[in-house]
Amino acid sequence: MDTQTPLLEAKNLSIAYSTRSGPLNAVINFNMTLHKGDSIGIVGESGCGKTTVLLALMNYLGKNGIITSGDIFFKGKSLLSMSQQELTDIRGNQISMIYQEPMSALNPCLTIGKQLFEVLAFHSNLSPSEAQERTIETLHDVRLPEPEHIMTCYPHQISGGQQQRIVIAMALLSRPTVLLLDEPTTALDVTVEYGIIKLINSLKQKYGSSMIYISHNMGLIRQTCEDLIVMYSGHAVETGKTKDVFSKPSHPYTQGLLKCIPSPAHEPSERPLSPIKGQLPPANDRPKGCFFGPRCHFFKEGLCDNPNGIPLEKTPFHPNHFSRCARTHELEKLEQPPTPKAATRASSSTQDTHPLLSIQNIKKNYHVQQSLFSSLSSSKTKTIKANNDISLSVYKGQIVSIVGESGCGKTTLAKLILGLEKPSSGSISFDNQNISDLSVRTRDTSLISHLQMIFQNPNETLNPSLSVGYQITRAVRKFNPQLSKKDARKKAFKLFDMVSLSPQIFFNRLPMHLSGGQKQRIGISRAFAGSPSLVIADEPVSALDVSVQSSVIELLHKLQLNENCSLLVISHDLSLVRYLSDFVVVMYLGHIMESGPVRDIFSPPFNPYTEALLAAVPIADVSISKRDDIVLEGNLPSPFNPPKGCPLSSRCHRFIEGLCDTTPPPTQKISDVHSITCHIPIDTLKSQPPIFTTNPNQNNQKETKS
Amino acid sequence: MLLFLSKRLGLLLLTVLATSFIVFAVLELDVDTVAVKVLGGYSTQEQRALWLEENGYNRLFITRYAEWLSNFVQGDFGYSTRFKRPVGDFFWNYLGMTAILAGITMAIVVPLALTFGILSGMKETSLLDRVLSFICIISTSVPEFASVILFSFIFVFTLGILPGTSSMIQGFSWKELVLPVLVLVVYDFGYIARITRASMVEVMHTSYVRTAILKGMPFKRVVTVHALRNALIAPVTAIFLQFPWLLSGVVVVEIAFAYKGIGHLLLEGALYHDISLIEMCTVVAVIVVVLTQLIADIICMFLNPRIRFS
């Protein structure tokens, strides 16, 4: 093979899925060339065809996927004309894939060792002992402790982060020339994600693999890939070097996506979000001309609706930078869409003296019994301390966020407040009423309607067989029993208007006829049906696409202001937290590690955990540079057996031996409202440099190395 | 594992004890009906009272149950009024006959059904799948009493190569076993094959099977190593649920071919109000149900490490 032949090449590739209602074009005219050592990122929202492209590159489309035109070449040979035997030889050997959800990608019935070994057994001539050596070496490379032990485990016996490392190791075993990564970190926590990204980058260098990385997260792609393809509705809409595309986004869709991502380094007023209007067109009903046309601010009739489609054209910025926009060359001179004014939030300064919600020294222990019989035979039960001495106050009109990795106890806290669980000790008072012992069944309607919740997954919280209008009206009538049927309906209409859904169109629809963002709006309107004074939002946007996320965030912001209620946001997304909240509580393993006003949390002094969380945030904005010297190693400790002393001591990068692992850390006050729980003196913490630095000029200047 | 086994065996004993109590209560709580059943409808009130007194039926119900239970445990299963012999004298022969019938049936059904199910499930909607599914559905949808007549017509009356009854008066005969087994196999295998197919189809759609294919494993290995073990978990439970059915649910077949098995006994016992016989049959049926489910659970545990190591 000469050096000119690309490793992997997709030429004019079009893929359709045959369905009952006819073929759906999932990918249209897709081109891509991967040379040795290249790394190409494909970004786009769900449904844009990126996973289809990836599977096609392995010639694996399932029964109903058809390649309607074009071809894929691997080292110059057409993949589509290969025999099953040739494909089997290439898959897992020359091209390997790393999957999205490691738990379901690994066979639950086979030991990890067996699943790893078979790759080498079929793809190499190594002897069993050499294979064993190679496997252990690879497991070391993905930084798994005790490889020999892990190989005897079954997938369910190790953590999600470890499973992902196994999947990566499995892909690397045969030393493939091409690595395909399908959202490899989506199911993982931020800190684990950051570790995996660093790992992938170092392995790329060590093995010299070329890779194709797909993700919906622009920040991750920026950290991992040299080249970038932005996909929208089956098309590549913009391609080029990652740094060029990010510093000079040329397609209005790319520009819009970047404006949808909240920045953890800016005040919300400096960088307001501007959501992309509308939603992704369905694959069987794409608009004429530019698919993005109906959502585009720069849409021009007669130009952008050209029935022949819009070609991918060279941009004026770089010879290798292409954009599928009819107005590429004039775009820069056109007037930008007006940036929406960030909601001004004055409330945080004018605090009442008395908090609306006050949590005092809450503890919640779960007693876990192995089974009915063991509880009869022995009184030994294990205790999980899900919440440990949590105190926090929410004032009227305030937005308070709780952040932390999964398993840190944030959802338990929400359950305690809502009365779904009872605290083991401590008190919760809401509106001067002690509610800690009132379970949700014993609470009266007015209390329930004043203390509401927005759920994470809108798909699972709406009854699929009732119209959304009915479901909202029902909530209204539950909370306001005095209303007549007619008035309740009127109020439900108002709620629809409030969340920007036209009641005429949506009232009688079933949840299945709504998009994810629309469903979440319904979920939000339900929470507001009883004019609540406190709404708990559990990961309100994490199940939504980027372009939809920002509009839901804006909606929450607006509602909170207009209704003058308080919000308690539970999230793992620090950018969102920065954008939305007034006050932040950082939790780890059931403990509060740091709490304070949002500005104080995002600037030094940091609790080491906050510092690591911030450093793990993927940043898409080229004007922000980030310190990348902190990685939280290892896994969350088992809640059955938390570290003695500081809960973070087993993973902390500022660990002090003999102190952190023996003595619980003190809570140090930095100001009246800002406190950090850590052994390290405040002055030392204060001397830490900030995580993010912004170069305001860089937006218009040439990019520098990221 | 040992702990699990002892727990389950304990539970088994408890279940058997509870059902035996219920059966005893249903049949012997009202002593007058017992007397009627034993002495017949034309007996006089005095005769019945005398019989009850003589046989200790005027004692406390609990005392009678305890006595019955202790006799039962010691191997005295009572006297069969229908066969005029102690139940223990003939019951085991009948049970053995049923065991032979059930064992041979299962030995044919299980490999056949699993093969059919796996072959049709591994490539859903392929021609092979459609052909095999067609056969399975036909076989399952013909009830036993219909196939008894059909097969008798073909093999006994038309071809004349098989005997029409299987009472085995001249000792054990393989030839007489063919028709009952055939009827049971035809009725049962389609059902298990369908369950296996559904389970296999589901497994073939999972991400880990995709992983195995994209790892470059040959299709044969994907099916045998990656899919099969996961796909067997659901059918195992279904297969072991067939044993209780084979024990007592095959009355039709046993009667049709005059095969002397438990189904036959159960029908006789029920028709002639033979209390001891019914009690014996019920207790044995319960033991078989619980025992086979225990075996099924152990096999599932072996197949599924998520249960084994939780």
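Model, not experiment: these values are computed from the prediction.
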Could you tell me whether the side chain of [Y] reaches within less than 4.5 Å of the side chain of [X], counting heavy atoms only?
{"X": "B:Tyr208", "Y": "A:Pro108", "answer": "yes"}
{"X": "A:Leu55", "Y": "B:Arg210", "answer": "yes"}
{"X": "B:Thr211", "Y": "A:Met97", "answer": "no"}
{"X": "A:Phe122", "Y": "B:Pro218", "answer": "yes"}
{"X": "B:Lys215", "Y": "A:His123", "answer": "no"}

Does [X] [atom1] have over 12 foreign heavy atoms under 6.0 Å away?
{"X": "B:Phe302", "atom1": "CZ", "answer": "no"}
{"X": "B:Glu202", "atom1": "CD", "answer": "no"}
{"X": "B:Tyr191", "atom1": "OH", "answer": "no"}

Pick one of side chain, backbone, both or neither for B:Val225, based on which atoms fall under 4.5 Å of a heavy atom in chain A.
both
Side chain / backbone / both / neither for B:Leu303 at chain A, heavy atoms under 4.5 Å
backbone
Using non-hydrogen atoms only, which part of A:Ser104 is less than 4.5 Å away from chain B: side chain, backbone, both, or neither?
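Answer is both: backbone and side chain atoms of A:Ser104 are under 4.5 Å from chain B.
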Please state whether the side chain, the backbone, both or neither of A:Gln85 comes within less than 4.5 Å of a heavy atom of chain B.
neither
Can you tell me how far CG of A:Asn59 sits from CG of B:Leu214, rounded to the nearest 0.5 angstrom?
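Result: 10.0 Å between the selected atoms.
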Any pair counted as ring pair (Phe, Tyr, Trp, His ring centres under 6.0 Å), so long as it reaches residues 113-137 of chain B, sequence neighbours left out
B:Phe116-B:Phe189
Minimum heavy-atom separation for B:Asn230 and A:Cys109, please, with both atom names.
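Here B:Asn230 and A:Cys109 meet closest at OD1-SG, 2.9 Å.
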Counting heavy-atom pairs under 4.5 Å with chain B, which one of A:Thr88, A:Asn107, A:Leu87, A:Leu106 comes out on top?
A:Asn107
Give the member of A:Gln84, A:Gln115, A:Lys114, A:Met103 that has the highest number of heavy-atom pairs under 4.5 Å with chain B.
A:Gln115
Determine which residues belonging to residues 120-132 of chain B lie within contact range of chain A, meaning some heavy atom pair is under 4.5 Å apart, and list them by number or answer 'none'.
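If one takes a 4.5 Å heavy-atom cut-off, the residues of residues 120-132 of chain B near chain A are B:Glu124, B:Thr125.
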